[in-house]
Asks: 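This is the structure, below, for whatever I ask next.
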Amino acid sequence: MSRTICRNSEEIPRELLDCLERAGKVAVLTGAGVSAESGIPTFREAHTGIWARFDPMQLASPEAFEQDPATVWDWYQWRRELIARSRPNAGHYALAELQGLVTELVTITQNVDGFHALAGSSGVLELHGNIQRDVCSRTGRTIDPDWIEAHREQRPPPSPHHAEGLARPDVVWFGEALDPGTLDAAFAAAGICDVVITAGTSGAVQPAASIPVAALQAGAVMIDINPEENELSRMARWHLAGPSATWLPALVGELGRNRG
Ligand code: BV8
């Protein structure tokens, strides 16, 4: 199948819009790039300030937490404060609106900021967890935010669920398994969708990056939204080269207008 690179969000190919309008089921996989325009640095961008010297890939691991829990905890506190000062962007809101324009849309995200739900998307599959929740490092049980607040002077706070447990963010670290139910639901959505949209992802992280490939193998048409070219954009029928906060509202705006 041919591949078209689109660089002007004011000239969306008619064939692309027809494909979305005909689509019954749509699956969307988002990555850190969708939150970039909310001011949240992607894993590939250099983190700012004191975190610039750390590699996120190293910090987001059980080994780092085992070796230096305070530094890992502080990094997540810094990210949580950044997220608390930020808001979903037009791309998040457009995806929430798209849910009302197609028969069925499943939003699958690698992001842990919770912005899709905050923007109104429902049934979001959070493959890598959610940074706003804390769990016990030994039992995995959720820890109440009031407990964290009451023990905030300890970095990280102790766990109320296990004598040797510590509080850790409820995210999937490198080397940790994703929640099987969430992952199964994501692949199931990919297996039956007519269109799969990838937005803001480098396609570097597994098993998330295999989800759009599974959709392609099941016969879906792929649309990739990313300022850069990568493995995923080269597989796509359309590569919308630019920021998701521009392209997603443009797509949804056109769809909405055609719906009258
Ligand atoms: C697992 C939560 C097994 C934490 C994250 C070798 C080969 C293949 C795989 C592996 C391998 N070695 C190890 C692995 C597995 C590993 C992996 O994939 N490693 C990669 C890096 C090689 N995966 C794992 O470990 C996974 N677990 O495999 O477990 C297992 C099974 C059973 C039992 C035990 C174990 C777990 C992976 C999850 C890691 N956790 N997040 C946290 O956030 O702190 S992943 C983390 O990276 C974030 O979620 C983030 O989303 C992701 C990075 O990927 P992207 O989202 O794509 O972001 P990225 O920065 O890469 O790219 C941003 C893109 O946006 C760019 O393309 C950019 O151009 C674009 N962009 C920028 N601005 C914009 C934009 N796009 C649109 N608009 C814009 N404005």
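Residue numbers run from 1 in the order of the sequence given. Start at 1 and go down the list; that is how both ligands and their atoms are numbered.
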Asks: Considering the heavy atoms of Glu176, write down every atom of ligand 1 situated less than 4.0 Å from one of them.
Replies: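 Per the distance check, 1 (C), 26 (C), 27 (N), 29 (O), 35 (C), 36 (C).
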
Asks: Val112 versus ligand 1: do any nitrogen or oxygen atoms come within less than 3.5 Å of each other?
Replies: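 Between Val112 and ligand 1 (N or O atoms, distance only) the closest approach is not under 3.5 Å.
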
Asks: Is the backbone of Val221 close enough, under 3.5 Å, to the side chain of Asp194 for a donor and an acceptor to pair up by distance?
Replies: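 Such a contact is absent between Asp194 side chain and Val221 backbone.
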
Asks: Among Phe174, Phe43, Trp247, which one has a heavy atom closest to atom 19 (N) of ligand 1?
Replies: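 Of the listed residues, Phe174 has the closest heavy atom.
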
Asks: Which protein heavy atom lies closest to atom 79 (C) of ligand 1, and at what distance to 0.1 Å?
Replies: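 Protein heavy atom at minimum distance: Gly33 O, 3.3 Å.
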
Asks: Looking only at protein heavy atoms, which one is nearest to atom 70 (C) of ligand 1, and how far off is it?
Replies: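 Scanning the protein heavy atoms, the shortest distance from atom 70 (C) of ligand 1 goes to Asn226 OD1, 3.5 Å.
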
Asks: Measuring to protein heavy atoms, does anything land under 4.0 Å from atom 10 (C) of ligand 1?
Replies: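 Given the 4.0 Å limit, the answer for atom 10 (C) of ligand 1 is no, no protein heavy atom qualifies.
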
Asks: Under 4.0 angstrom from atom 13 (C) of ligand 1, is there any protein heavy atom?
Replies: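 So far as the 4.0 Å threshold goes, atom 13 (C) of ligand 1 is out of reach of every protein heavy atom.
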
Asks: For atom 18 (O) of ligand 1, find the nearest protein heavy atom and state the residue, atom name and distance (0.1 Å precision).
Replies: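 That would be Gln206 N, 2.7 Å.
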
Asks: How far is atom 78 (N) of ligand 1 from its nearest protein heavy atom, and which residue and atom is that?
Replies: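 The answer is Ser244 N, 2.9 Å.
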
Asks: Provide, to 0.1 Å, the distance between atom 56 (O) of ligand 1 and the closest protein heavy atom, together with that atom's residue and name.
Replies: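 Protein heavy atom with the smallest distance to atom 56 (O) of ligand 1: Ala32 N, 2.8 Å.
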
Asks: Under 4.0 Å from any heavy atom of Tyr76, which atoms of ligand 1 are there?
Replies: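 Heavy-atom distances to Tyr76 below 4.0 Å select 4 (C), 42 (C), 44 (O).
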
Asks: One pair to check against ring pair (Phe, Tyr, Trp, His ring centres under 6.0 Å): Trp75 and Phe54. What are the steps and the verdict?
Replies: CA-CA 9 Å; Trp75 179 53; Phe54 289 93; 8.4 Å; no

Asks: Specify the protein heavy atom at minimum distance from atom 33 (C) of ligand 1: its residue, its atom name, and the distance to 0.1 Å.
Replies: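 So the nearest neighbour among protein heavy atoms is Ala177 CB, 3.6 Å.
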
Asks: As an exercise, identify every atom of ligand 1 less than 4.0 angstrom from a heavy atom of Gly31.
Replies: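 Result: 56 (O).
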
Asks: Taking 4.0 angstrom as the limit and counting only heavy atoms of Glu228, give me the atoms of ligand 1 inside it, by number and element.
Replies: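 Result: 69 (O).
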
Asks: Scan the protein's non-hydrogen atoms and note whether one is under 4.0 Å from atom 38 (C) of ligand 1.
Replies: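 Given the 4.0 Å limit, the answer for atom 38 (C) of ligand 1 is yes, a protein heavy atom qualifies.
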
Asks: Distance under 4.0 Å to a non-hydrogen atom of Val205: what atoms of ligand 1 satisfy this?
Replies: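 The list of qualifying atoms is 18 (O), 37 (C), 47 (O), 52 (C), 53 (C), 54 (O).
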
Asks: For atom 35 (C) of ligand 1, tell me which residue out of Ala60, Ala208, Gly175, Pro227 has the closest non-hydrogen atom.
Replies: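 The nearest heavy atom belongs to Gly175.
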
Asks: Between ligand 1 and Val171, is the shortest N or O to N or O distance under 3.5 Å?
Replies: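 There is no such contact.
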
Asks: Ring of Trp73, cation from Arg80 - is the NZ or CZ under 6.0 Å from the centre and inside 45° of the axis?
Replies: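 Positive - Arg80 is close enough to the ring of Trp73 and near enough to its axis.
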
Asks: I'd like to know if Arg14 pairs up with Glu21 as an ion pair, taking the criterion as any Lys NZ or Arg NE/NH1/NH2 lying under 4.0 Å from an Asp or Glu carboxylate oxygen.
Replies: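 Looking at Arg14 and Glu21, the cut-off is met.
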
Asks: Is Arg155 salt-bridged to Asp74, cutoff N-O under 4.0 Å?
Replies: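 Looking at Arg155 and Asp74, the cut-off is met.
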
Asks: Just which atoms of ligand 1 are under 4.0 Å from any heavy atom in Asn111?
Replies: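 Counting from 1, the qualifying ligand atoms are 51 (O).
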
Asks: Hey, which atoms in ligand 1 end up nearer than 4.0 Å to a heavy atom of Ala36?
Replies: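 Under 4.0 Å from Ala36, ligand 1 has these atoms: 73 (N).
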
Asks: Among all the protein's non-hydrogen atoms, which is closest to atom 59 (P) of ligand 1, and how far away is it?
Replies: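 That would be Arg44 NH1, 3.3 Å.
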
Asks: Can you check whether a protein heavy atom sits less than 4.0 angstrom from atom 51 (O) of ligand 1?
Replies: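 For atom 51 (O) of ligand 1 the answer is yes, since some protein heavy atom falls inside 4.0 Å.
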
Asks: Just jot down the ligand 1 atoms closer than 4.0 angstrom to any heavy atom of Arg79, in number order.
Replies: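 Ligand 1 atoms under the 4.0 Å threshold to Arg79: 42 (C), 43 (O), 44 (O).
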
Asks: Under 4.0 Å from atom 6 (C) of ligand 1, do we find at least one protein heavy atom?
Replies: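 Given the 4.0 Å cut-off, atom 6 (C) of ligand 1 does not count as touching protein heavy atoms.
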
Asks: Please say yes or no: joined through hydrophobic side-chain contacts below 4.5 Å, possibly via intermediate residues, are Leu105 and Trp247 part of one cluster?
Replies: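 Shared cluster, yes.
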
Asks: What protein heavy atom is closest to atom 80 (N) of ligand 1, reported as residue, atom name and distance in Å?
Replies: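 Nearest neighbour among protein heavy atoms for atom 80 (N) of ligand 1, to 0.1 Å: Glu37 OE1, 2.8 Å.
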
Asks: Just distances here: any N/O of Gln110 and N/O of ligand 1 closer than 3.5 Å?
Replies: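 Gln110 vs ligand 1: N/O contact under 3.5 Å present.
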
Asks: Examine ligand 1 and decide if any of its atoms is less than 4.0 Å from a heavy atom belonging to Leu178.
Replies: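 Within the 4.0 Å threshold, so yes.
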
Asks: Give a yes or no on this: more than 12 heavy atoms of other residues, nucleotides or ligands lie within 6.0 Å of atom CZ of Arg152.
Replies: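 Check fails, neighbour count at 12 or below.
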
Asks: Quick one: does Val172 get an N or O within less than 3.5 Å of an N or O on ligand 1?
Replies: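 Val172 vs ligand 1: N/O contact under 3.5 Å present.
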
